[in-house]
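Computed from a prediction, not measured in an experiment: that's the story for all the values here. What you see below is based on every heavy atom in this structure, not just the backbone, and it leaves out hydrogens, waters and symmetry mates. Note that the numbering runs from 1 along the sequence shown for the chain.
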Amino acid sequence: MDAAGDASLANISQCTQQHVSNIARSFGKLLVHSGALTAVLCSSIQQKITEAQAQTLSSMAWSVARLVAKDRRSLASTSEASLARMHTFGPQETANTSWGSAMLVVADVALCRGLADAAMSAMPSFLVLHLSNTLWAFAAMATQRPQLVEAAGSAAVTKISAFGSQSLSATVWSCAKLQHSSETLLEAAASEALGKIEAFAAQNLANTSRGPATLRVKADPLMMAAASRATTLKEAIPKEPSSAAWASTKLAYEGAAFFDLVASVAMTKISQCDAQSLSNLVWAFGTVVLQPGPLVPATSQAALAKLHTFDPQELANTVWALAKLLLVDRLLCDAIAVAAMSGVAGFASQNPTNSAWAPASLGLRSKPPMEAASEAALRSCGRLIPQEAANLAWCCAKIGLAGERFLAATGSQAVAIVSELVIFGCRTQDSSNSVWACATLLYDSARLAEAISTHSVQKLHLFLNQELSNTAWAASKLQRAGRSLRASLASEVQSRLASLDAQALSNLSDSVPDMSEQLLARLEPFLVNFVQGMPRTLAEWSGAGFLQVLHQTGVDNFGIAGTNRLLMKLGISSPGADFVDRALRRVEQTLEEGDARQDDAKFESMELNINPGLRTCSHIASAEELGGSWQLLRLYSGSGSAALAPLPMKM
């Protein structure tokens, strides 16, 4: 080919346009790159471009696209000449020129319009390759031509048995890209792909899976067949494993063996992945909640190095997924927070809520990005869907961000959410989380209380146990909650008493006073097992025994009444009045110094002197721990007014 190229250069003056076109096509077909030859061939065609025939023009467009020869002047003159001769274009010329324009990203609206019209005219004569290449070209150029796509899709269905792996995957990918949700075409393509799955390369598998996933068309047999061919991903380019994982997740395929293989392959390509691939990859594992081992920290490191290339959705999806996989990477979270703050204006409503939820769920408190997210939410508060409003309220409550403007807006949204729960059947979790957030932040609104009392009563039977206990706890904190709600809560709790777990029993024993003794009686076995399972020696503390006890118990706290009983079982009696006085003075002094949770994400250590009867040495406590100590000391005081907040529902 090098020798042929040299000979062609030496004799170019003797070549006709047909010769030039054939030489270019040969080098393009074999992907033999010769910059000097390609330039001379293009120049030769340009000299007599007005005389070029349709076949020559389309062949040159296809060839230079294969060789990625982007000469703007040459492309412009070829486009102009092609448009002038478009009436002479047949199926081959139309498909080749369309494909070449897409490959070279030729943004020529007039040419695209002319090619679409030519394709419609020649459609009855289109072969398989013409159909798939034309569809792919318009999809790649993101050019919406509904009539053309509909006609090409219908023609493809009639010829689907002749489609090979490349044509099938390109057609399905194009439908997804153009949002052409033709179930007839997708089902025909999926059925044909099942019979030819053994011939599918990694790219074919990824593209074929992505189509139904993007258009939300169930294709379980196809996904299972694609998963069986997952070993081909070892030869894939970096974006294909993440694309396959993304598609499988969107279609609710959760085969562990498939995801294990994806994780293994992705680890070998992680440094080559771009922002979209990294985001899709970790999003897939976070959604199916499968731990991919070392892939999580590796993805975190790779994302940190390329964070400047992430768009808002990729930022939000990445931090959300890492949080779902319980990766506490403070460096990455801080970097994402900075990136999110700088681009918060461009975020869709879901982006700031996901970006805020992730650090909050991991217990990382960072005021600036939360304030930016809440401000962004305020600007679009009316456009937030219930889940987004509930998530953002939950985040602010989780980290103690109590801005008055945001609380008022959140309260209004909470009223709307509780109302929509009845009218539109919204998720009970959104209602529960919104009410929990307002109660945690001590936002007691008459409108909110009325909405809870009016609407929640009608839907309590639909609440999960945790949602029920969270709502009961919130109602006990919001003093304006009506008697009818409290009575309904007590009735609902009574009806499902036997099904309540330890956490629900702990929360409800403080929140439903009329049933406190019954609830504590059912909590008693959990307390006994917890105390009996506590280690007695240092060696036992380092073992796995107590960890198992914690998992079996399944609570984050036992509430006021439950903790009092627990302390009594541990031989810790109620504190004396002098201890209570000293503790309250120390707490008041700390509160006067400011709220560390709202001022900084990094907590300064402070020395909290504890009565020697309780602990034998001074304890260096973080602000977060001090918050817990404050509630514990209030508990010791017997005031009963500082119930530990129940664990909110996870998003």
Side-chain angles (χ1 to χ4, degrees), residues 54-55 57-62 64-66 70 72 75-160 162-164 166-190 192 203-204 207-208 210-217:
Q55 184 180 6
L57 291 169
S58 65
S59 181
M60 285 301 297
W62 182 89
V64 297
R66 288 275 293 178
K70 292 187 177 182
R72 292 187 178 181
L75 290 174
S77 60
T78 302
S79 295
E80 184 178 352
S82 297
L83 193 56
R85 290 169 179 71
M86 194 63 68
H87 62 283
T88 66
F89 275 40
Q92 183 75 29
E93 291 82 14
T94 302
N96 282 359
T97 304
S98 298
W99 185 89
S101 298
M103 285 293 290
L104 294 173
V105 196
V106 177
D108 188 324
V109 176
L111 178 63
C112 288
R113 187 184 302 115
L115 287 169
D117 292 341
M120 286 292 292
S121 300
M123 189 65 66
S125 303
F126 266 33
L127 301 178
V128 168
L129 191 60
H130 304 147
L131 289 168
S132 62
N133 278 357
T134 301
L135 274 173
W136 179 89
F138 280 87
M141 292 187 290
T143 302
Q144 290 291 345
R145 297 288 171 185
Q147 287 185 324
L148 170 62
V149 175
E150 185 69 37
S154 298
V157 171
T158 64
K159 296 178 171 68
I160 201 69
F163 277 57
Q166 180 64 28
S167 297
L168 283 169
S169 64
T171 300
V172 173
W173 180 90
S174 302
C175 288
K177 188 75 173 177
L178 293 168
Q179 291 296 305
H180 178 61
S181 187
S182 169
E183 290 192 16
T184 303
L185 174 57
L186 289 172
E187 288 176 2
E192 193 65 27
Q203 183 183 22
N204 304 142
N207 287 348
T208 305
R210 194 174 183 86
T214 302
L215 298 172
R216 299 182 181 180
V217 176

Kindly compute the distance separating CE (M120) from CG (D117), expressed to the nearest 0.5 Å.
8.5 Å
What is the minimum heavy-atom distance between T171 and S132, and which atoms define it?
OG1-CB, 3.6 Å
For the CG atom of L135 and the OG atom of S98, what is their distance to the nearest 0.5 Å?
10.0 Å
Can you list the residues that meet the salt bridge (Lys or Arg N to Asp or Glu O under 4.0 Å) rule with E187, with sequence neighbours excluded?
none
Are any non-hydrogen side-chain atoms of L111 and S82 less than 4.5 angstrom apart?
yes
Considering all heavy atoms, the nearest T97-A61 contact:
CA-CB, 4.4 Å
Of all the heavy-atom pairs spanning F126 and K159, show the shortest one and how long it is.
O-CE, 3.2 Å
Listed partners of S169 passing side chain to side chain donor-acceptor pair (under 3.5 Å), at least two apart:
N204
Side chain E150, main chain Q147, donor-acceptor under 3.5 Å
no
If I compare all heavy atoms of W99 with all of A137, which pair ends up nearest, and what's the gap?
N-CB, 3.8 Å
Starting from the C-alpha separation in whole Å, work towards a yes-or-no answer on side chain to side chain contact (heavy atoms under 4.5 Å, CB included) for L129 and Q166.
CA-CA 9 Å; L129 191 60; Q166 180 64 28; over 6 Å; no
Quick one: are L168 and I160 in side-chain contact, heavy atoms under 4.5 Å?
yes
Looking only at heavy atoms, the pair that brings T208 and V172 closest together is O-CG1, 3.6 Å
Heavy-atom nearest pair, G114 first then M86, reads O-CG, 3.5 Å
Using a cut-off of 6.0 Å, state whether more than 12 heavy atoms not belonging to Q179 lie near its atom CD.
yes
Please confirm whether the backbone N or O of L131 pairs with a side-chain atom of T134, one donor and one acceptor, at under 3.5 Å?
no
Result for side chain to side chain contact (heavy atoms under 4.5 Å, CB included) between N96 and one of S59, S58, P91, S101 points to S58
Heavy-atom count around E80 CD within 6.0 Å, excluding the residue itself: above 12?
no
Side-chain heavy atoms of S174 within contact of F138, under 4.5 Å:
no
Keeping to residues at least two apart or across chains, list the side chain to side chain donor-acceptor pair (under 3.5 Å) pairs with something in residues 118-131.
Q92-H130
